[in-house]
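The first residue of the sequence shown is numbered 1, and numbering continues consecutively from there. Side-chain atoms are counted along with the backbone in the values below, which use heavy atoms only and exclude waters and symmetry mates. Model, not experiment: these values are computed from the prediction.
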Amino acid sequence: MRMTRMIAALSAVSLVAACSGNGGTEGSGSGGGYPDQNITIVVPFSAGGPTDTVTRMIADPMAKALGGKIVVQNVEGAGGTVGAGQVARAKPDGYTVLMHHIGMSTAPALYKDLGYQPLEDFETVGLVTEVPMTVVARKNFEPTTFGELVTYVKANAGKVTLANAGIGAASHLCGLLFQSAAGVKLQEVPYEGTGPALTDLVGGQVDFMCDQTTNTSGQIAAGEVKAYAVTTPDRVKSLPDVPTTAEAGMPQLAVSVWHGLYVPAGTPPEVVQKLSAALTAALADQAVIDQMAKLGTAPVPAADATPQAHEAKLTEQLSIWAKIIADAGVKAS
């Protein structure tokens with residue numbers, strides 16, 4: 001995937017759309033009849049998880065903008081790499097789309113035999129949202145503040161359990177950053193997905209974890225888990241009483257889980273542009289804005305829901321996480 005090729009092609013599409021007078025989203029110019037069949041968005045994680053939730057929020061508004069139908073398919077396994085690999089090998093016609101999160105930028109560093117390369121085997125469509133992370137624990141866990149949590153885990157590293165949704169999952173990455181910032185190595189308990197991990201946390205089988213607000217806000221509001229901090233520079237509007245990690249004394253633990261849409265490399269630029277335009281329309285939908293707000297996040301600005309902005313973000317994040325993961329010495333099988 002090369003930025004210059006995409007920019008030139010998209011500029012040509014914009015010119016055709018302008019001449020046709022309809023914005024290029026409904027059968028204009030070189031766009032042909034796309035879509036003339038169902039579009040599948042593959043979510044490489046379990047149903048009901050945060051990435052699945054975000055995908056289902058935008059699927060119907062995108063379908064409406066495209067004048068077609070979108071089906072969401074969950075293809076979980078190996079930290080999102082099974083579903084991502086399936087899309088990388090799909091026909092590049094715009095009918096198989098991938099929704100992935102920050103894990104797209106960490107997989108090359110985690111997996112020796114990944115089977116695909118994010119920048120070579122995919123075209124970026126646009127960013128969707130950046131979801132804050134929360135540090136949460138079973139409700140009867142002894143520490144009451146984030147500072148007490150750090151002190152406690154340092155003193156009890158041999159028995160404290162840190163849950164995650166599997167190697168390469170957002171919760172795993174956030175957990176790595178926490179351990180690095182705290183200078184401690186904890187007993188990590190990997191699960192097959194966020195849902196089972198959070199279920200055991202609520203049930204008291206594990207001590208704490210770091211997960212997205214899209215998955216924890218409901219449990220926090222219901223008092224089913226104890227919230228210590230959010231991992232963003234500013235407090236989250238839906239969780240006004242939860243301090244930031246910077247406020248709590250650990251500014252190093254700053255991470256948000258960005259999501260984006262991808263199609264296989266070689267997908268026609270005019271199709272990529274139609275998908276990007278539909279994404280922009282979906283992110284401006286008030287129902288989507290309201291739904292995301294309830295989960296502690298928001299749509300990205302329109303300027304970020306583009307192939308160019310998405311590619312720049314992915315390139316930057318690949319470099320950042322390669323070093324973090326190498327320093328941690330973590331490898332997935």
**Message:** Filter on salt bridge (charged side-chain N to carboxylate O under 4.0 Å, His left out), then keep only pairs touching residues 293-302, sequence neighbours left out; what's left?
**Reply:** none
**Asked** Do Leu261 and Leu275 touch side chain to side chain, with heavy atoms closer than 4.5 Å?
**Response** no
**Message:** Tell me every residue that passes salt bridge (charged side-chain N to carboxylate O under 4.0 Å, His left out) with Asp290, counting only those two or more places apart in sequence or in another chain.
**Reply:** none
**Asked** What pairs of residues pass the disulfide (SG to SG under 2.5 Å) test when at least one of them lies in residues 265-316, not counting sequence neighbours?
**Response** none
**Prompt:** Does the side chain of Val82 come within less than 4.5 Å of Glu76's, by heavy atoms?
**Reply:** no
**Request:** Give me the one residue out of Thr231, Asp211, Thr216, Thr245 that meets side-chain hydrogen bond (donor to acceptor under 3.5 Å, both in side chains) with Thr134.
**Result:** Thr216
**Complete:** By side chain to side chain contact (heavy atoms under 4.5 Å, CB included), Ala282 pairs with (sequence neighbours left out) Ile58, Pro61, Met62
**Complete:** In this structure, OG of Ser276 is separated from NZ of Lys274 (nearest 0.5 Å) by 13.5 Å
**Asked** Which residues satisfy the side chain to side chain contact (heavy atoms under 4.5 Å, CB included) test with Pro132, sequence neighbours excluded?
**Response** Thr213, Thr232, Val236, Thr297
**Fill in**
Shortest non-hydrogen pair, Lys331 vs Ile167, comes out as O-CD1, 4.2 Å
**Message:** Considering only residues two or more places apart or on different chains, which pairs with a residue in residues 187-201 satisfy side chain to side chain donor-acceptor pair (under 3.5 Å)?
**Reply:** Asn164-Glu188, Gln179-Glu188, Lys185-Glu188, Tyr191-Asp200
**Nearest atoms (heavy-atom pairs only) where Ala78 meets Tyr111** = O-OH, 2.8 Å
**Request:** Measure the spacing between OG1 of Thr106 and CD1 of Ile320 and express it to the nearest 0.5 Å.
**Result:** 12.5 Å
**Request:** State, with a plain yes or no, whether a side-chain heavy atom of Leu98 is found less than 4.5 Å away from one of Met104.
**Result:** yes
**Request:** Return each pair, listed once, that meets side chain to side chain donor-acceptor pair (under 3.5 Å) where at least one residue sits in residues 35-57; pairs must be two or more places apart or across chains.
**Result:** Asp36-Tyr95, Thr51-His259, Asp52-Arg56, Asp52-Asn74, Arg56-Asn74
**Linked, directly or transitively: Val71 and Tyr34 (ILVMFWY side chains, under 4.5 Å)** = no
**Request:** Mind checking ring-ring contact (aromatic ring centres under 6.0 Å, His included) for Phe208 and listing every partner two or more places apart, or none if nothing turns up?
**Result:** Phe178
**Message:** Using side-chain heavy atoms (C-beta onward) and a distance below 4.5 Å, is Phe141 in contact with Val160?
**Reply:** yes
**Prompt:** Is any side-chain heavy atom of Thr96 less than 4.5 Å from a side-chain heavy atom of Lys91?
**Reply:** no
**Prompt:** Is there a side-chain contact between Pro44 and His100, using heavy atoms and a 4.5 Å cut-off?
**Reply:** yes
**Message:** Working note: Lys323 + Asp327, criterion salt bridge (charged side-chain N to carboxylate O under 4.0 Å, His left out); need CA distance, chi angles, decisive distance, verdict.
**Reply:** CA-CA 6 Å; Lys323 183 178 187 308; Asp327 290 346; 2.8 Å; yes
**Fill in**
For Ala293 and Ser238 the tightest heavy-atom approach is O-CB, 3.7 Å
**Complete:** Arg138 and Lys226 have their tightest heavy-atom pair at O-CB, 4.0 Å
**Message:** I'd like to know if Met133 and Val202 are part of one continuous hydrophobic network [Ile/Leu/Val/Met/Phe/Trp/Tyr, side-chain heavy atoms within less than 4.5 Å].
**Reply:** no
**Message:** Run the side chain to side chain contact (heavy atoms under 4.5 Å, CB included) test against Leu127 and tell me which residues pass, sequence neighbours left out.
**Reply:** Trp258, Val300, Asp304, His310, Lys313
**Item:** Residue pair Pro299 / Thr129, side-chain heavy-atom distance below 4.5 Å
**Value:** no
**Item:** Closest non-hydrogen atom pair between Ser256 and Ile102, with its separation
**Value:** O-CD1, 3.9 Å
**Asked** Quick one: side chain to side chain donor-acceptor pair (under 3.5 Å) partners of Tyr152, sequence neighbours excluded?
**Response** none
**Item:** ILVMFWY network linking Leu149 to Val184, side-chain heavy atoms under 4.5 angstrom
**Value:** yes
**Asked** Do Val263 and Val271 have side chains that get closer than 4.5 Å, going by heavy atoms?
**Response** no
**Request:** Identify, with sequence neighbours excluded, every residue that meets side chain to side chain contact (heavy atoms under 4.5 Å, CB included) alongside Thr244.
**Result:** Val230, Arg235, Ala246, Glu247
**Message:** Listing request: all disulfide (SG to SG under 2.5 Å) pairs with a residue in residues 147-177, at least two apart in sequence or in separate chains.
**Reply:** Cys174-Cys210
**Request:** Apply the test side chain to side chain contact (heavy atoms under 4.5 Å, CB included) to residues Gln219 and Val136: give CA-CA distance (whole Å), side-chain angles for both, the deciding distance (0.1 Å), then the verdict.
**Result:** CA-CA 10 Å; Gln219 285 77 10; Val136 293; over 6 Å; no
